Student: 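After the structure tokens below, expect a handful of questions from me.
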Amino acid sequence: MASWRNRNRRMDSEGVEDLGLGITSRPPQVSMPIECLCGRVRGVINGPIPQHQICHCRSCKKVTGGTHGDFLIVKDRHLTFTRGTPIMYSYRVSSPFDLVKSVFRCGECSTPIYTRQGDLPSDRTFVFVGCLVNSEWLDQNKPDDEINVDEKCAWLPRLLRTRTPSPESDMELVPAEPDIDMVGHFRLSGTEEEKSDSDEYF
């Protein structure tokens with residue numbers, strides 16, 4: 001049975017929880033430098049550990065020139081540029097949704113730095129993982145999620161999600177409110193049963 005303290009816990013937009021009695025809990029913070037191929041654009045992600053997401057839609061394949069898009073999802077205020085300014089290129093895509101997508105690249109070497117949905121209200125920025133200065137982070141942090149798997153290359157293994165246990169055994173679990181911003185813009189497919197029986201991603 002959940003204690004009164006757990007039932008009344010509050011969390012702000014930065015993930016800081018009010019545990020009551022003047023005690024707060026803050027999620028782990030990271031500082032992750034990024035840069036383009038030529039080094040003329042550099043920046044840093046400062047804040048909570050970002051969500052690592054893979055997208056298999058056709059537009060992400062074309063933007064990256066590969067089999068899928070691989071991103072770190074951060075809030076705008078957690079991404080700061082310390083050298084240079086990426087140049088924005090906007091275009092309209094029809095798959096999986098009809099929307100304007102903006103890709104920000106280095107003006108010298110054309111490395112894609114991050115992308116945004118240009119005509120939709122959002123504070124999310126999708127940073128390309130290939131820009132991480134410390135590539136060892138990817139060895140230790142597999143993707144958290146993959147979307148648009150119906151457009152996935154058939155030879156790619158399915159991502160095996162890791163189910164993280166609750167940190168407190170007496171915590172009261174309640175249905176989460178849907179993230180309208182994310183649900184409205186992306187399409188998930190496949191069942192949990194299919195995911196649990198699949199191979200790990202790389």
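Because only heavy atoms are used, hydrogens play no part in the values below, and waters and symmetry mates are left out as well, while side chains stay in. Since the model is a prediction, treat every value here as computed from it, not as a measurement.
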Student: Quick one: pull up CD in E108 and CD1 in I87 and give me the separation to the nearest 0.5 Å.
Tutor: 9.5 Å

Student: Under 4.0 Å between a Lys/Arg side-chain N and an Asp/Glu carboxylate O for E146 and K152?
Tutor: yes

Student: Looking at T111 and L37, would you say the former's side chain and the latter's main chain have a donor-acceptor pair under 3.5 Å?
Tutor: yes

Student: Could you pull out the closest heavy-atom pair between H56 and K61, with the gap in Å?
Tutor: O-CE, 3.2 Å

Student: Mind checking the CD1-CD spacing from I147 to Q53? Nearest 0.5 Å is all I need.
Tutor: 4.0 Å

Student: A side-chain contact here means heavy atoms from C-beta on lying under 4.5 Å apart; do H78 and T125 qualify?
Tutor: no

Student: Roughly how far, to the nearest 0.5 Å, is the NZ atom of K142 from the CG atom of L159?
Tutor: 9.0 Å

Student: May I ask whether L79 and L132 are part of the same hydrophobic cluster, defined by side-chain heavy atoms of I, L, V, M, F, W, Y residues being less than 4.5 angstrom apart, directly or through others?
Tutor: yes

Student: Restricting to non-hydrogen atoms, name the atom on I34 and the atom on V44 that form the minimum distance, rounded to 0.1 Å.
Tutor: CG1-N, 4.3 Å

Student: Working to the nearest 0.5 Å, report the span between OG1 of T115 and CE of M88.
Tutor: 11.0 Å

Student: Look up atom SG in C36 and atom CZ in F128, then write down how far apart they are to the nearest 0.5 Å.
Tutor: 13.5 Å

Student: Where do P50 and V74 come nearest, in terms of heavy atoms and distance?
Tutor: CB-CG1, 3.5 Å

Student: Do any N or O atoms from the side chain of R124 and from the backbone of R116 form a donor-acceptor pair under 3.5 angstrom?
Tutor: no

Student: Is it true that D70 and H52 share a donor-acceptor pair across their side chains at a distance under 3.5 Å?
Tutor: yes

Student: Please check if V41 and V129 belong to a single hydrophobic cluster, counting links between Ile, Leu, Val, Met, Phe, Trp and Tyr side chain heavy atoms closer than 4.5 Å.
Tutor: yes

Student: Kindly assign one of parallel, tilted or perpendicular to the pair F71 and F126, based on the angle between their ring planes and the thresholds 30° and 60°.
Tutor: perpendicular

Student: Where do Y91 and V103 land on the side-chain contact (heavy atoms from CB on, under 4.5 Å) test, with the steps shown first?
Tutor: CA-CA 9 Å; Y91 53 94; V103 179; 3.4 Å; yes

Student: Go through it in stages, so that I can follow the logic: the residues are V100 and R92, the test is side-chain contact (heavy atoms from CB on, under 4.5 Å), and I'd like the CA-CA distance, side-chain angles, deciding distance and then a yes or no.
Tutor: CA-CA 4 Å; V100 173; R92 181 166 292 279; 3.2 Å; yes

Student: Compare all side-chain heavy atoms of I49 with those of W137 and state whether any distance is below 4.5 angstrom.
Tutor: yes

Student: So, does K101 use its side chain to make a donor-acceptor pair with the main chain of V63 at under 3.5 Å?
Tutor: no

Student: For residues R105 and P112, determine if any side-chain heavy atom of one lies less than 4.5 Å from a side-chain heavy atom of the other.
Tutor: yes

Student: Check F81 against G84 and note the closest heavy-atom contact, atom names and distance.
Tutor: CB-O, 3.9 Å

Student: Let me confirm one number: the CD1-OG1 distance from I113 to T85, rounded to the nearest 0.5 Å.
Tutor: 11.0 Å

Student: Counting C-beta onward and ignoring hydrogens, is there a side-chain heavy-atom pair between V127 and M32 closer than 4.5 Å?
Tutor: no

Student: Could you tell me whether the side chain of P48 reaches within less than 4.5 Å of the side chain of K75, counting heavy atoms only?
Tutor: no

